[in-house]
Amino acid sequence: MVDHYLALLYYLRSTLRENEAFFGLVSVLDDAEMIKSVGFKYARTLFECTLLSYYDCFRNLDERTVKKLFTWAFMLRVDMENLGFDSVNRYAIGIDGSYTNTYPMFSLIAHARVHTAISNLAVQVVREPDAAKSSKWDRLYSILKKMNQV
């Protein structure tokens, strides 16, 4: 199983890099300044795990869904000043906190009958107040809003 998922992760990373529709996502994932943050790495891992889960269920890389999963995962980074492992766990299982989104994404993916159930989710991008929790993540927040045409 480990080999299967490592091969799948390698395939997904390669596919994202090769597909023009995902160049914006890849530029964020590879951003030299952002990648220095441990919290950013947690959000990136969360995105990759949800993408693995989604792809394993549906064998589909629908552009709209990938962007929703990306936005969902990285809004956690925008929502938190200090992002740690416990916050990621709480967010992933949908425990209500001070988060913009409270979807239990892994559960939703596991119970979805069709891939459009995920692409049709209303993932929130706009925070109240309209700024990242930490000014360090204002640029990421702007990128997410632009990606979602907000």
Side-chain angles (χ1 to χ4, degrees), residues 1-13 15-16 22 24-26 28-31 34-150:
M1 288 299 284
V2 172
D3 284 340
H4 166 72
Y5 281 105
L6 286 174
L8 197 57
L9 181 60
Y10 178 79
Y11 167 77
L12 290 172
R13 285 176 175 168
T15 302
L16 290 179
F22 303 123
L25 305 179
V26 173
V28 172
L29 294 172
D30 291 342
D31 187 285
M34 289 187 208
I35 208 162
K36 292 177 186 176
S37 164
V38 172
F40 181 84
K41 290 176 188 173
Y42 282 141
R44 179 183 175 150
T45 300
L46 181 62
F47 165 66
E48 288 178 341
C49 288
T50 55
L51 188 60
L52 273 169
S53 179
Y54 172 80
Y55 189 79
D56 195 41
C57 283
F58 300 109
R59 293 288 187 236
N60 180 319
L61 276 180
D62 174 56
E63 178 183 350
R64 187 171 163 199
T65 304
V66 173
K67 287 184 178 180
K68 293 256 181 169
L69 295 175
F70 183 86
T71 301
W72 173 81
F74 281 95
M75 278 305 294
L76 177 61
R77 176 63 277 184
V78 170
D79 284 341
M80 303 295 292
E81 192 164 336
N82 297 308
L83 180 57
F85 190 72
D86 288 341
S87 298
V88 173
N89 281 337
R90 292 173 56 82
Y91 187 72
I93 60 176
I95 294 177
D96 196 14
S98 58
Y99 312 122
T100 304
N101 295 290
T102 56
Y103 290 120
M105 194 60 74
F106 291 99
S107 180
L108 292 174
I109 291 169
H111 292 95
R113 300 249 184 240
V114 293
H115 74 92
T116 54
I118 305 304
S119 65
N120 290 334
L121 287 174
V123 175
Q124 299 298 313
V125 182
V126 178
R127 296 183 77 248
E128 191 60 44
D130 191 18
K133 182 78 170 185
S134 169
S135 60
K136 178 179 181 182
W137 300 108
D138 283 340
R139 194 169 126 250
L140 175 61
Y141 182 51
S142 296
I143 291 168
L144 292 173
K145 285 177 29 178
K146 183 177 179 183
M147 180 185 305
N148 290 280
Q149 300 171 350
V150 176

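Going from atom SG of Cys49 over to atom OH of Tyr5 covers 11.0 Å, rounded to the nearest 0.5 Å. Phe70 CZ to Asn148 CG: the interatomic distance, rounded to the nearest 0.5 Å, is 10.0 Å. A distance of 7.0 Å separates CZ in Arg77 from NZ in Lys136, rounded to the nearest 0.5 Å. The line from CG of Leu76 to NZ of Lys133 is 12.5 Å long, rounded to the nearest 0.5 Å. Between the CG atom in Leu46 and the CZ atom in Phe85 there is a gap of 10.5 Å [rounded to 0.5 Å]. Atom NE2 of His4 is separated from atom CG of Asp56 by 4.5 Å, given to the nearest 0.5 angstrom.
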Decide yes or no on side chain to side chain contact (heavy atoms under 4.5 Å, CB included) for Met147 and Val125, but give the supporting numbers first. CA-CA 10 Å; Met147 180 185 305; Val125 182; over 6 Å; no
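Judged as a ring pair (Phe, Tyr, Trp, His ring centres under 6.0 Å), and not counting sequence neighbours, the contacts of Tyr11 are Tyr55. By the ring pair (Phe, Tyr, Trp, His ring centres under 6.0 Å) test, Tyr54 is found to be paired with Phe58, residues two or more places apart in sequence or in another chain being considered. Residues that satisfy the salt bridge (charged side-chain N to carboxylate O under 4.0 Å, His left out) test with Glu63, not counting sequence neighbours, are Lys67.
The shortest distance between side-chain heavy atoms of Tyr91 and Met105 does not fall below 4.5 Å. A 4.5 Å side-chain heavy-atom check between Leu51 and Leu16 finds at least one atom pair inside the cut-off. You'll find the side chain of Met34 stays beyond 4.5 Å of the side chain of Arg44, heavy atoms only. Residues Asn120 and Arg64 are in side-chain contact: their nearest non-hydrogen atoms beyond the backbone lie under 4.5 Å apart. Residues Val78 and Tyr99 fail the side-chain proximity criterion, which asks for heavy atoms closer than 4.5 Å. In this structure, the side chains of Thr45 and Val88 stay at 4.5 Å or more apart for every pair of heavy atoms. Using a 4.5 Å heavy-atom cutoff, the side chains of Ser87 and Tyr42 are not in contact. The side-chain heavy atoms of Met80 and Ser98, taken from C-beta on, include a pair separated by under 4.5 Å.
Shown here is Arg113, whose CZ atom has no more than 12 heavy atoms of other residues, nucleotides or ligands within 6.0 Å.
In this structure, Phe74 has its ring center at least 6.0 angstrom away from the ring center of Tyr141.
Using bins of under 30°, 30° to 60° and over 60° for the plane-to-plane angle, the ring pair Phe106/Trp72 lands in the perpendicular bin.
In this structure, Asn101 contributes its side chain and Tyr103 its backbone to no donor-acceptor pair below 3.5 Å. Ser119 places a side-chain N or O within 3.5 Å of a backbone atom of Thr116 that can act as its donor or acceptor partner.
Scanning both residues, Leu29 and Phe47, for their nearest heavy atoms gives CD1-CE2, 4.1 Å. Heavy atoms only, all atoms of each residue included: Ile118 and Thr65 are closest at CG2-CG2, 3.7 Å. Heavy atoms only, all atoms of each residue included: Ile109 and Cys57 are closest at CG2-SG, 3.9 Å.
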